[in-house]
**Q** 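Submitted below is the structure of interest, expressed as structure tokens.
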Amino acid sequence: SQKIEQNSEALNIQEGKTATLTCNYTNYSPAYLQWYRQDPGRGPVFLLLIRENEKEKRKERLKVTFDTTLKQSLFHITASQPADSATYLCALGGATNKLIFGTGTLLAVQP
Amino acid sequence: DAGITQSPRHKVTETGTPVTLRCHQTENHRYMYWYRQDPGHGLRLIHYSYGVKDTDKGEVSDGYSVSRSKTEDFLLTLESATSSQTSVYFCAISESLRQRNTEAFFGQGTRLTVV
């Protein structure tokens, strides 16, 4: 069955450093991959989408890479700030738009 | 914010009773989803819909049924609630414009407790 894995442990980093989150998947060939941010008590909020034929996408301090050979996506937040502290979820989608999520990684940015 | 509303926002129900959660959208998006979120499991897809009367099962569909009789409403029904269905339920919507997939927008969530 399809499986999406993200770092199960919380990621703690110092303010100003780059945070790197990992999303690995198996038994799936997604047409696109998305990253979401979720704050406590709220629904996820979309951040970035990258398609299977794209290697890298950037948006302000965010960067996503997508390696379909390794079946992996990396999500980077540069110059991290305490306000970036949240849970980050990756999601995979295919031609039918059926969207499957990973378990999420909790990021804590220390001032 | 995308026009997506879940109701109720909170519900406590007894084991064995039927429960229906409603998701209403004003965006005219084609795709609608029901997820449940539990500690350690992330968001797990229950059912999703790709059009009126068109639905498909997700990874945790046992014990749940859905209906979509019009574009704006997607109902999730627990026929006979069990304690294992205590969770936070999220509805989401998305669109695919000219074969370009777009992001999903989520509702505020429904916290369901089965006692």
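Letters A, B, ... are given to chains in the order of the sequence lines, protein chains preceding strands, and every chain is numbered from 1.
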**Q** Using the rule that Ile, Leu, Val, Met, Phe, Trp and Tyr join whenever any side-chain heavy atoms are under 4.5 Å apart, tell me whether B:Leu112 and B:Val60 fall into a single cluster.
**A**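 Yes, B:Leu112 and B:Val60 fall within the same hydrophobic cluster.
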**Q** Counting only heavy atoms from other residues, nucleotides and ligands, does the tally under 6.0 Å from NZ of B:Lys57 exceed 12?
**A**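 At most 12 heavy atoms, drawn from other residues, nucleotides or ligands, come within 6.0 Å of this atom.
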**Q** Could you look at A:Gln38 and say if it's the side chain, the backbone, both or neither that has a heavy atom under 4.5 Å from chain B?
**A**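 Contact with chain B involves the side chain of A:Gln38 alone.
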**Q** Counting only heavy atoms closer than 4.5 Å, note whether A:Thr96 contacts chain B via side chain, backbone, both or neither.
**A**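 Contact with chain B is through both the backbone and side chain of A:Thr96.
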**Q** Using only non-hydrogen atoms and a strict under-4.5 angstrom cutoff, which residues of residues 8-19 of chain B touch chain A?
**A**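 Not one residue of residues 8-19 of chain B has a heavy atom under 4.5 Å from chain A.
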**Q** Taking every non-hydrogen pair under 4.5 Å, which of A:Gly102, A:Gly43, A:Gly104 racks up the most with chain B?
**A**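 Looking at each of A:Gly102, A:Gly43, A:Gly104 in turn, A:Gly43 comes out on top.
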**Q** With a 4.5 Å cut-off on side-chain heavy-atom distances among I, L, V, M, F, W and Y, is there a chain of contacts connecting B:Phe105 to A:Val45?
**A**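 Cluster IDs for B:Phe105 and A:Val45 differ.
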**Q** Same cluster or not: A:Leu92 versus A:Leu48, using hydrophobic residues (I, L, V, M, F, W, Y) connected whenever any side-chain heavy atoms lie under 4.5 Å apart?
**A**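 Yes, A:Leu92 and A:Leu48 fall within the same hydrophobic cluster.
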**Q** Any side-chain heavy atom of A:Asn97 sitting closer than 4.5 Å to one from B:Ser94?
**A**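 SC-SC contact between A:Asn97 and B:Ser94 confirmed.
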**Q** If hydrophobic clusters are built from ILVMFWY residues whose side chains come within less than 4.5 Å, do A:Leu74 and A:Leu107 share one?
**A**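 No, A:Leu74 and A:Leu107 fall in different hydrophobic clusters.
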**Q** Considering only residues two or more places apart or on different chains, which pairs with a residue in residues 82-111 of chain A satisfy ring pair (Phe, Tyr, Trp, His ring centres under 6.0 Å)?
**A**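 Matches after skipping sequence neighbours: A:Tyr36-A:Phe101, A:Phe75-A:Tyr88, A:Phe101-B:Tyr35, A:Phe101-B:Phe106.
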**Q** Tell me whether B:Leu75 is reachable from B:Phe90 by hopping between hydrophobic residues (I, L, V, M, F, W, Y) whose side-chain heavy atoms are closer than 4.5 Å.
**A**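 The answer is no; the residues belong to distinct hydrophobic clusters.
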**Q** Considering only heavy atoms, give the residues of residues 38-50 of chain B separated from chain A by less than 4.5 Å, sorted numerically, with 'none' for an empty result.
**A**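 Answer by number: B:Gly40, B:His41, B:Gly42, B:Leu43, B:Leu45, B:Tyr48.
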**Q** Sort by residue number and list every member of residues 20-29 of chain A having a non-hydrogen atom under 4.5 Å from chain B.
**A**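 Expected list: none.
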**Q** Hey, could you give me the OH/NZ distance between B:Tyr33 and A:Lys98, rounded to the nearest 0.5 Å?
**A**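 Here the interatomic distance stands at 10.5 Å.
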**Q** Just so I know, are the side chains of B:Glu59 and A:Ile100 near enough to count as touching, which here means a heavy-atom distance under 4.5 Å?
**A**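 Yes, close enough: below the 4.5 Å cut-off.
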**Q** Would you mind checking which part of A:Leu89 comes under 4.5 Å of any heavy atom in chain B, side chain (CB onward), backbone (N, CA, C, O), both or neither?
**A**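 Contact with chain B is through the side chain of A:Leu89 alone.
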